[in-house]
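Hydrogens, waters and symmetry mates play no part in the numbers below; they use all other heavy atoms, side chains included. Quick note: residue numbers are just sequence positions, from 1. All figures in this text were calculated on a predicted structure; none of them were measured in a lab.
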Amino acid sequence: MLCASSSLPIFQRRDNNGRLSMCSKLCYAIGGAPYQITGSALGFFLQIYLLDVAQLDPFYASIILFVGRAWDAVTDPTVGFLVSRSRWTRCGRMMPWILISTPFAVLTYFLIWYVPPVEQGKVLWYLVFYCLFQSLQTCFHVPYSALTMFISMDQKERDSATAYRMTVEVLGTVVGTAIQGQIVGRAIAPCLPGDLDVLDNGNSTLLGSDFNITHISLDETKQAYLIASAVICTMYVLCAAVLFLGVREQEGPYFGSTEPMSFFEGVRMVMGYGPYVKLVMGFLFTSLAFMLLEGNFALFITYTLGFRNDFQNILLVIMLSGTLSIPFWQWFLIRFGKKTAVYIGITWAVPFMILIVCIESSLIVAYVVSVAAGVSVAAAFLLPWSMLPDVVDDFKVKNPDSSGHEAIFYSFYVFFTKFASGISLGISTLSLDFAGYVTRGCSQPDAVNLTLKVLVSPAPVVLIFLGLFIFKTYPIDEERRQGNRKLLQEMRESDQDSETESTELGSVV
């Protein structure tokens with residue numbers, strides 16, 4: 001295996017004060033793009049792909065989406081535990097996981113977007129490869145997330161690097177949405193016009209189903225999805241290569257010489273720490289809100305608003321707005337504090353979520369709402385990952401003898417986020433099934449349109465306020481955060497003095 005030696009990687013440089021250069025921060029940030037590129041493509045398009053292109057029954061599609069995300073969530077703490085027990089190598093502790101998982105993750109991602117020729121085995125095909133991809137991506141993303149604590153020991157540098165990372169990650173969602181949306185949007189799956197007719201067994205179908213109003217065949221649509229996935233796979237590999245070549249993982253004082261803790265000790269440690277639990281639970285509800293919006297917005301635009309040929313452009317506007325808003329939120333949290341940024345940033349989208357379902361269908365209003373939603377999406381991206389290192393630092397101050405806990409904190413946070421995603425996708429698709437969703441229909445029953453309205457507005461709004469109510473009890477304010485920073489600096493200086501004294505004593509002896 002080719003690993004970085006003790007010298008700095010190709011792109012990484014530091015100044016005389018040990019601060020990270022802009023180039024090294026960019027290399028670190030680019031490593032977060034694969035997760036968001038694939039995540040946005042799957043989040044916005046997998047549900048509609050399974051229903052209208054793979055032509056699965058909504059019930060089976062919901063099973064695939066829920067089981068895949070639930071399985072993904074279970075693997076996060078497992079991988080986090082294994083990472084925390086990993087030995088230090090010339091590449092570091094995190095980098096080998098990222099390097100080895102990348103080629104297998106790319107292969108399984110590509111196969112998710114392939115429609116197998118066997119009708120009976122399609123459900124198993126998507127379930128297996130979706131679960132495999134989620135597991136392999138976990139082996140990339142959990143170590144990458146924990147890497148935040150090891151690119152620098154300085155809190156300001158980590159916050160700055162996190163802002164770079166969030167900007168690139170939101171840009172990654174733009175890229176993923178643009179690639180998937182623009183390529184697939186040129187070959188939209190043909191719909192079947194006609195009046196809805198309910199059969200005796202209660203299943204909905206379409207009269208005149210042999211008629212296809214588009215000139216694009218279903219095979220062309222399938223090919224478009226494969227082309228989009230191939231482009232995304234290429235970008236995945238390139239971003240992983242930049243991360244590996246451009247970032248040096250520091251061993252630092254955070255990995256002590258104490259014995260590594262067991263898995264259950266790690267679970268007990270994480271779940272017993274109050275500030276962490278409050279942070280995670282607060283963002284769990286707000287993340288679930290935005291995941292409901294993300295997972296159903298394409299269907300809402302296509303069927304409820306009737307903008308079948310514009311949905312990919314509207315999704316792209318959301319992501320572009322989010323990307324441009326990241327620098328503003330980074331300035332805002334520095335100027336006014338992170339908790340204030342949470343309250344304002346997350347609630348910003350609420351009036352627009354209500355507006356989109358209360359007024360008559362309008363393409364202009366849809367774009368206005370998309371711009372506003374993107375501003376809140378940026379806050380939802382940036383703030384959790386900016387605040388999680390504060391919790392880890394706070395734990396370190398309260399438990400100075402504990403070591404090797406960073407990956408566990410990050411993995412359980414990812415676990416809860418992904419579990420929320422699985423719940424949102426499963427509930428959404430099952431709700432559409434119960435409402436009578438018609439596969440490949442040019443229009444949907446009124447019950448389906450009502451369900452989509454609930455999933456993109458009232459439900460997310462309620463979840464947002466629940467999350468903010470929990471977050472109100474989060475104890476780490478700016479004063480405590482700055483105090484922790486000073487204490488950690490004193491602890492590091494004390495450790496360095498102790499090491500120096502030990503070295504001098506050894507020389508005398």
Side-chain angles (χ1 to χ4, degrees), residues 43-63 65-66 188-214 288-289 291-312 314-315 349-370 373 423-463:
F44 281 123
F45 294 94
L46 184 58
Q47 185 181 44
I48 198 169
Y49 167 81
L50 292 176
L51 293 173
D52 289 353
V53 181
Q55 298 183 35
L56 296 182
D57 183 271
F59 174 77
Y60 292 118
S62 69
I63 294 297
L65 294 171
F66 176 75
I188 299 175
C191 66
L192 303 175
D195 297 326
L196 289 170
D197 182 33
V198 181
L199 302 179
D200 293 336
N201 61 6
N203 293 324
S204 294
T205 186
L206 285 165
L207 297 178
S209 60
D210 291 332
F211 180 71
N212 188 341
I213 64 170
T214 69
L288 181 56
M291 288 172 186
L292 276 175
L293 181 65
E294 176 188 88
N296 295 282
F297 206 54
L299 291 172
F300 176 76
I301 294 169
T302 300
Y303 294 114
T304 306
L305 298 185
F307 304 132
R308 186 179 184 87
N309 297 319
D310 297 283
F311 78 91
Q312 70 274 9
I314 294 174
L315 298 180
V350 170
F352 299 96
M353 289 181 180
I354 297 172
L355 177 67
I356 193 70
V357 299
C358 290
I359 66 170
E360 187 176 349
S361 178
S362 169
L363 186 59
I364 295 176
V365 172
Y367 277 108
V368 171
V369 170
S370 299
I423 292 175
S424 69
L425 289 170
I427 290 175
S428 298
T429 315
L430 275 177
S431 300
L432 293 175
D433 186 26
F434 292 145
Y437 181 87
V438 181
T439 301
R440 294 178 61 196
C442 291
S443 61
Q444 297 293 337
D446 291 339
V448 171
N449 291 324
L450 177 61
T451 301
L452 287 170
K453 286 184 178 181
V454 172
L455 292 173
V456 301
S457 183
V461 169
V462 170
L463 290 168

request  = Output, in order, the C-alpha distance, side-chain angles, deciding distance and verdict of side-chain contact (heavy atoms from CB on, under 4.5 Å) for Phe297 and Ile314.
outcome  = CA-CA 9 Å; Phe297 206 54; Ile314 294 174; 3.8 Å; yes
If you look at every heavy atom in [X] and [Y], which pair is closest and at what distance?
X	Y	result
Ser457	Met353	OG-O, 2.9 Å
Ala366	Ser370	O-OG, 2.7 Å
Ala435	Val448	O-CG2, 3.6 Å

query = What residues, two or more places apart in sequence or in another chain, satisfy side-chain hydrogen bond (donor to acceptor under 3.5 Å, both in side chains) together with Ser428?
reply =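 Expected list: Asn296.
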key: Residues forming a side-chain hydrogen bond (donor to acceptor under 3.5 Å, both in side chains) with Thr304, sequence neighbours excluded   = Asn449
key: By ring pair (Phe, Tyr, Trp, His ring centres under 6.0 Å) - contacts of Phe352 (at least two apart)   =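 Ring pair (Phe, Tyr, Trp, His ring centres under 6.0 Å) list for Phe352, sorted by chain: Trp348.
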ask   = Is Leu299 close to Leu432 at the side-chain level, that is, under 4.5 Å between some pair of heavy atoms?
value = yes
ask   = Quick one: are Val454 and Val357 in side-chain contact, heavy atoms under 4.5 Å?
value = no
key: Nearest-0.5 Å distance that lies between atom CE in Met291 and atom CG in Leu455   = 15.0 Å
inquiry  = Please report the interatomic distance CG(Leu430) to CZ(Phe66), rounded to the nearest 0.5 Å.
reply    = 9.5 Å
ask   = Does atom CZ of Phe307 have more than 12 heavy-atom neighbours from other groups under 6.0 Å away?
value =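 Yes - once you tally the heavy atoms of other residues, nucleotides and ligands closer than 6.0 Å, there are more than 12.
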